[in-house]
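First comes the structure, then the notes that go with it.
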Amino acid sequence: MKKCIKLHICSLLILFFTTSIIAQNIQVHEMIGKKQGDVIKTYGNPVHKDNSDPTMMCMFYKTNISTMIFVADANGIYQAEATKTLDTEKDTRKEIDMFISSSLKTGFNVDTVTTLDFHLHKTGIKVDLQMNENKLSNKYDIRVKANKTEDWI
């Protein structure tokens with residue numbers, strides 16, 4: 001009986017930690033320039049793929065609190081977008097701080113436009129990061145849009 005209980009607890013812990021790691025990862029800008037297979041290895045199989053245009057492939061991911069879209073051509077991912085919804089402004093700002101901190105460690109520079117709007121860039125990639133308050137639902141959204149660029153001036 002004790003083994004059965006321990007097994008269930010371990011299973012729940014593994015499920016909980018795996019889900020929270022995936023849910024927190026909105027750093028889609030890290031996929032710019034990588035192949036579609038790298039996105040699938042990182043995020044799993046998309047909920048929908050659109051390859052109706054032979055020169056472009058779109059992959060869509062959705063969870064209860066986030067959505068992600070990746071657009072690729074033969075050279076790899078050239079655009080990525082993510083939206084994550086959080087319950088409190090404190091949690092949202094913490095998520096933004098972690099996003100920016102992690103991006104700085106990987107060579108991005110940050111330009112603060114306002115307290116709710118940030119532009120990140122490094123050679124070949126530009127990222128817009130925004131926080132929005134949804135007054136109807138009393139929740140907060142973080143929106144990330146990343147694009148491959150020829151070069152940054």
Side-chain angles (χ1 to χ4, degrees), residues 10-111 113-114 116-150 152:
C10 287
S11 298
L12 287 173
L13 288 174
I14 290 170
L15 180 66
F16 172 76
F17 286 117
T18 305
T19 305
S20 34
I21 289 170
I22 291 171
Q24 291 179 1
N25 192 2
I26 58 167
Q27 301 200 341
V28 294
H29 62 298
E30 295 174 350
M31 292 291 137
I32 298 293
K34 295 187 177 178
K35 297 294 181 188
Q36 298 167 16
D38 294 328
V39 174
I40 293 170
K41 285 178 189 173
T42 302
Y43 296 104
N45 288 322
V47 293
H48 178 69
K49 284 184 187 179
D50 180 0
N51 55 0
S52 56
D53 181 349
T55 62
M56 181 175 72
M57 161 77 112
C58 297
M59 295 185 293
F60 303 89
Y61 292 84
K62 183 159 179 60
T63 68
N64 292 343
I65 61 170
S66 66
T67 59
M68 295 179 285
I69 302 169
F70 298 94
V71 184
D73 60 13
N75 299 320
I77 306 295
Y78 65 88
Q79 182 176 340
E81 295 184 28
T83 302
K84 184 173 183 179
T85 303
L86 298 159
D87 292 327
T88 67
E89 182 177 0
K90 181 181 176 183
D91 289 343
T92 307
R93 291 203 181 271
K94 184 178 176 182
E95 184 85 19
I96 287 173
D97 289 345
M98 288 188 314
F99 184 99
I100 291 172
S101 174
S102 175
S103 297
L104 289 171
K105 291 177 185 173
T106 59
F108 280 87
N109 295 311
V110 179
D111 295 324
V113 179
T114 68
L116 305 175
D117 192 9
F118 305 90
H119 297 288
L120 295 84
H121 56 86
K122 75 176 184 180
T123 303
I125 303 172
K126 71 174 186 172
V127 181
D128 293 322
L129 173 66
Q130 297 178 328
M131 179 180 119
N132 298 305
E133 180 181 0
N134 185 332
K135 300 228 185 236
L136 295 174
S137 67
N138 291 324
K139 294 189 183 236
Y140 296 84
D141 293 330
I142 299 172
R143 294 188 178 145
V144 179
K145 183 173 183 178
N147 293 297
K148 185 175 184 178
T149 59
E150 292 301 317
W152 181 262

Which of these passes side chain to side chain contact (heavy atoms under 4.5 Å, CB included) with Arg93: Ile142, Leu116, Thr88, Leu86?
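Of the listed residues Ile142, Leu116, Thr88, Leu86, the side chain to side chain contact (heavy atoms under 4.5 Å, CB included) partner of Arg93 is Leu116.
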With Met59 as reference, evaluate His48, Met68, Met31, Gln36 under the side chain to side chain contact (heavy atoms under 4.5 Å, CB included) test and give the passing residue.
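The single option meeting the side chain to side chain contact (heavy atoms under 4.5 Å, CB included) with Met59 is Gln36.
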Does atom CG (Asn64) have a neighbourhood of more than 12 heavy atoms from anything else shown, all under 6.0 Å?
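Not buried by this count: 12 neighbours or fewer within 6.0 Å.
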Could you pull out every donor-acceptor pair under 3.5 Å between side chains of residues 75-82 and any protein atom, sequence neighbours left out?
unit_1, atom_1, unit_2, atom_2, d
Gln79, NE2, Glu81, OE2, 2.8

With heavy-atom distances below 4.5 Å as the criterion, would you say the side chains of Ile40 and Asn45 are in contact?
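Yes - at least one pair of side-chain heavy atoms lies under 4.5 Å apart.
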Is the closest side-chain heavy-atom distance between Ile69 and Thr67 below 4.5 Å?
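Ile69 does not reach Thr67 side chain to side chain.
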Strictly distance-based, threshold 3.5 Å: is any side-chain N or O of Lys105 a donor or acceptor partner for the main-chain N or O of Ile100?
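Side chain of Lys105 to backbone of Ile100: no pair is present.
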Donor-acceptor contact present, side-chain Ser102 to main-chain Met98, <3.5 Å
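Side chain of Ser102 to backbone of Met98: no pair is present.
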Enumerate the residue pairs fulfilling ring pair (Phe, Tyr, Trp, His ring centres under 6.0 Å) with a member in residues 83-109, sequence neighbours excluded, ordered by first and then second residue.
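Checked against ring pair (Phe, Tyr, Trp, His ring centres under 6.0 Å) - neighbours excluded - the pairs reaching residues 83-109 are His29-Phe99, His29-Phe108.
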Mind telling me whether Tyr43 and Phe70 have parallel, tilted or perpendicular rings, with 30° and 60° as the class edges?
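Ring orientation, 0 to 90° scale: tilted.
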Minimum-distance pair of heavy atoms, taken over all atoms of Thr55 and Asp73
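Minimum heavy-atom separation between Thr55 and Asp73: O-CB, 3.4 Å.
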For Val127 versus Ile125, what's the shortest heavy-atom pair and its separation?
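Closest heavy-atom pair between Val127 and Ile125: CG2-CG2, 4.0 Å.
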What residue among His121, His119, Arg143 forms side chain to side chain donor-acceptor pair (under 3.5 Å) with Asp128?
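So, applying the side chain to side chain donor-acceptor pair (under 3.5 Å) to Asp128 and each of His121, His119, Arg143, only His119 qualifies.
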